[in-house]
Structures are given as C-alpha cells and as structure tokens.
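Comments concern the structure below.
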Number of protein chains: 2
Amino acid sequence: MEVDTRTRILDIARDLITTQGYGSTSIAQIAEKLGTSKAALYYHFKSKEEILDAILAEPLAALSELTDKAAADQPGKHAEEVLAAMIDFVAGPCSCLAAFEKDPSVLHQWAQRNNLLDKEEILITSLVGPKPNTTKIIRARAALAVAKQGTSAALAMGDGELSTDARKEILAAAVRALG
Amino acid sequence: MEVDTRTRILDIARDLITTQGYGSTSIAQIAEKLGTSKAALYYHFKSKEEILDAILAEPLAALSELTDKAAADQPGKHAEEVLAAMIDFVAGPCSCLAAFEKDPSVLHQWAQRNNLLDKEEILITSLVGPKPNTTKIIRARAALAVAKQGTSAALAMGDGELSTDARKEILAAAVRALG
DNA sequence: GTCTATATAAAGATAGAC
DNA sequence: GTCTATCTTTATATAGAC
C-alpha cells in the first residue's frame, strides 16, 4: 500500500518543522528527504506556507471543535473534562499543533491568521469559572500547562504511547494545580 | 546617559528574537531598528550566532548557578525552593532564556551546544526525589511547567511585574501539581 | 509528476573608504 | 565606528522539457 506523495511531503515537513522550527526548515531540505527535486514539490504545493496550512488544517479543526464545546458550557462547569480533552489532544494525532505553537516563527504568522490565541483564551475562560480574577487565571493557565507539558513528557517516556495510568496521573496533577 | 551601541544591539535583538524567533530574525532587521547599516553591526559582533551567545550568556550563567545549587542538595529535599527559584528566574532579568528555549531554531543550535537539556534534567531530578518512577517524573515536569507558564502568565497580566501575591499563588499551584 | 535550469530575493558576511 | 558596495550562499518560486 503506497502512500501518496502529498502525504509523504506532509509527514516529512511535519517532522522537520517539529525539530528545527518552521522558519529554519527549507523546501530544499524537504525535497531532499523526499528524494525528489524542489520543483517536484512545488507541483504538489504552491508555497511553503501552503504546506504549513495543510499540516495544521486538521489539528486546527480538532482544536476548534474542542473550544466550541468548551465555550458552550458555562465557565468553570466542566473544567476537568476540558483538561482531559487537552491531554487527549496532545496525545493524539493532532499533537503537532501543540508542538508548533511554541515556535515563534509559526506563532508570528500562522497563529495570528488563525486566531490561535483566541482559542487558547476560550479554554482559559472555561477553566477559570465565573467572576474571573488574577488568581483564577493563573491557576487556569497553570492547569493547562500541566495538561500539555505533562502529556508530552509522558509520551516521551512511553515511546509515544500514553498509558491510562499516566493519563490519570496528569489529569490529577492538572486538577490539583487548578486548585 | 547614553547606552552604548553594543547594549542597544543586544536589546533590539532580544526583542525581535522574542517575538519572531531566532531563525526568522535577520541582521538587516536589527540594523534597521538600530538605525545603522549591517556593516556597522558587524563591527560589534562578528556573526549572528555571536549575538545570540551574548544575549544568553548571563541567563545561562544564572541558570547554571541554579542547577548547581539544586544538584548539591539531595534529590527531593528542597523541591519548593527549586520551584521558587525557577519562578524568580522567569520573572527576573534572565527571563529571555525561558522564552528562547521554546524556539526550535534556538533549541536546535544553541541549546545543544550549551547542554540546556541537561540542566533541565538536573532540575527535574532535584524535584523527583529518591527512587524515581514515571509518576514522580510526570509530576515534577508538571510542577516545573506551572512555575514557568504561571509566571509568564502573571507577568503578562501585571505589566511585567510579579506581585508577591501572584508569586505565592504560582508556587502553591506548582507544589500542588508536584503532589 | 518529475526533471534541469533559472529567475529573484534575501540572507550572512567582508572589503575598503571615510 | 560607520558607510557604500559587493561577495557568496541560500531561500522561495517558476519555466519549460520530458
């Protein structure tokens, strides 16, 4: 079962961008790993930016679904579910968004165009609960950081797999951080 | 009281790299903000890399001091102090290291040369305590994430100042995450 | 769909005048 | 210390043959 070229390009690009960053990853590098010329690559994508868009399209949609759900509930009502959803997001096939959003060259361009910070804001609001104040916001951001960082740490230790035990542990730590 | 050119360059570069990333910040951009030519800039620094090194020299030394202290204690003994030290580090004049270490283009080059991940490892070890296991490591990374992310969130809300209340709150959240 | 070749722009860096 | 001018490399992207 052959994987089509478009998919291979995205896999290679995702890999390179994850380790080097978007700004420091060149079309030439991607083409080299692909085993073809740069021109061949431009047959499949009309720009470097389009490659980034293609990589992040599904992750963005998945995150949007998550934030839509979080926004529908009243703030603070289902904080634990939101944290669990974030853990599963980072552990799942859309994890690259969580990795890329730390890259300033992505943040500066793609993230602004796609309102990524707004979505983060929605998650925070849903964790904060009613009557927000500085303390609650700090705790909410702390909890979200635990969900993200804890999960990627667990994945690194578990060969890319998140055990149910680890998941439970991360969620508990995030809930504790939330106070 | 004039600020010397070298310092101005570092201030400008630190600013640009923070928002755009190292790989996406060019000498030309720095020179433009400086109000001089690129050649003038090369009189003060012989390469782009040297600018990065100069920016991070003090922060690296400060972090090393922190990890040396953490490594001297027996593991798990003074976890709260370590977390507090990390909060103050992120809130202090060396905060740019915490910002830069999220940039893959910095991680890929500078961080490897300077064993940044080793230093992170030392901090984790000092938080984990004796008889490490997966759970303890997850909790340690969670706590460290709270210290870092919580602090930068608090700084963003407080115009760059970390109030004593916020500091107490972040530390408490980190300790809770640690379990 | 892939190639070679090339256009075009931007990057890092240097030479030498002032 | 700063300038203009230039070198060299690398980047994104395209043209046109196969």
Side-chain angles (χ1 to χ4, degrees), chain A residues 1-57 100 103-114, chain B residues 1-57 100 103-114:
Chain A
M1 167 182 163
E2 290 287 311
V3 177
D4 71 8
T5 307
R6 194 190 146 90
T7 304
R8 282 186 57 221
I9 293 170
L10 293 180
D11 288 344
I12 292 166
R14 183 167 36 238
D15 205 54
L16 285 171
I17 294 172
T18 300
T19 58
Q20 302 178 345
Y22 174 70
S24 301
T25 298
S26 71
I27 298 292
Q29 277 179 307
I30 300 171
E32 194 189 10
K33 285 221 170 193
L34 186 64
T36 65
S37 66
K38 290 184 287 174
L41 214 154
Y42 275 100
Y43 170 81
H44 297 277
F45 296 94
K46 76 171 206 295
S47 71
K48 185 183 170 184
E49 210 176 284
E50 201 181 271
I51 295 176
L52 184 64
D53 285 342
I55 292 174
L56 292 177
F100 285 21
D103 182 345
S105 63
V106 172
L107 261 176
H108 203 62
Q109 301 170 42
W110 186 92
Q112 281 183 6
R113 260 188 305 145
N114 293 277
Chain B
M1 167 182 163
E2 289 286 312
V3 177
D4 71 11
T5 307
R6 193 188 147 90
T7 304
R8 284 186 57 222
I9 292 172
L10 293 180
D11 288 344
I12 291 168
R14 183 167 36 241
D15 205 55
L16 285 172
I17 294 172
T18 300
T19 59
Q20 301 178 346
Y22 175 70
S24 301
T25 298
S26 70
I27 298 290
Q29 276 179 307
I30 299 171
E32 194 189 10
K33 285 221 170 193
L34 186 64
T36 66
S37 65
K38 287 186 289 175
L41 215 153
Y42 276 99
Y43 170 82
H44 298 277
F45 296 93
K46 77 172 206 294
S47 70
K48 187 182 170 185
E49 211 175 284
E50 201 181 270
I51 295 177
L52 184 64
D53 286 340
I55 291 174
L56 293 177
F100 286 20
D103 182 346
S105 62
V106 173
L107 261 176
H108 203 63
Q109 300 170 42
W110 186 93
Q112 281 182 6
R113 260 188 304 142
N114 293 277

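When reading the values below, keep in mind they use all heavy atoms of this one structure, side chains included, and skip hydrogens, waters and symmetry mates. Since this is a predicted model, take the numbers as computed values, not measurements. Letters go in sequence order (proteins before strands), and every chain restarts at 1.
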Would you please confirm or rule out a distance under 4.0 Å between OP1 or OP2 of D/dA13 and any side-chain N or O of A/Y42?
yes
Take the protein atom CZ of A/F45 and the nucleotide atom P of D/dT12, then report the distance between them rounded to whole Å.
15 Å
Whole-Å distance, A/Y22 OH to D/dA11 C1', equals 12 Å
If we ignore hydrogens and angles and just use 3.5 Å, is the side chain of A/R8 paired with the main-chain N or O of A/V3 as donor and acceptor?
no
Tell me what B/S37 touches on the nucleic acid: a base, only sugar-phosphate, or nothing, going by heavy atoms under 4.0 Å.
base
Expressed in angstrom and rounded to an integer, what is the separation of A/K38 atom NZ from C/dT8 atom P?
15 Å
For the pair A/Q29 (side chain) and A/S26 (backbone), establish whether a donor and an acceptor sit closer than 3.5 Å, ignoring hydrogens and angles.
yes
B/D53: partners by salt bridge (charged side-chain N to carboxylate O under 4.0 Å, His left out), with sequence neighbours left out:
B/R113
Residue pair A/K46/A/Q29 against DNA chain D: nearer the 5' end by closest nucleotide is A/Q29
Nearest listed nucleotide, side chain of B/Y43, among D/dG1, C/dC3, D/dA13:
D/dG1
With heavy atoms under 4.0 Å as the rule, sort B/S24 into base, sugar-phosphate or nothing.
nothing
Check the phosphate of D/dT2 against B/T36, side-chain N and O only, distance under 4.0 Å to OP1 or OP2. Yes or no?
no
Atom-to-atom span, NE2 of B/H44 to C1' of D/dC3 - whole angstrom:
13 Å
Residue A/A28, side-chain atoms from C-beta onward, closest of C/dT2, D/dA11, C/dA13:
D/dA11
Calculate the interatomic distance between B/I27 atom CD1 and C/dA10 atom P; express it in whole Å.
16 Å
Length of the line joining A/Q20:CD and D/dT10:P, which is rounded to integer Å
14 Å
Counting only side-chain heavy atoms from C-beta out, which of D/dA11, C/dT14, C/dT4 sits nearest to A/A39?
C/dT4
Spacing between B/L34 atom CG and D/dC3 atom P, to the nearest angstrom:
8 Å
Heavy-atom nearest nucleotide on DNA chain C for B/K48 versus A/G35: which residue maps closer to 5'?
A/G35
Whole angstrom is fine here: how far is it from CD1 in B/I51 over to C1' in C/dA11?
13 Å
About how many Å separate CG of B/L34 and CD1 of B/I12, when rounded to the nearest 0.5 Å?
4.5 Å
Which value, rounded to the nearest 0.5 Å, describes the distance between B/L16 atom CG and B/D11 atom CG?
11.0 Å
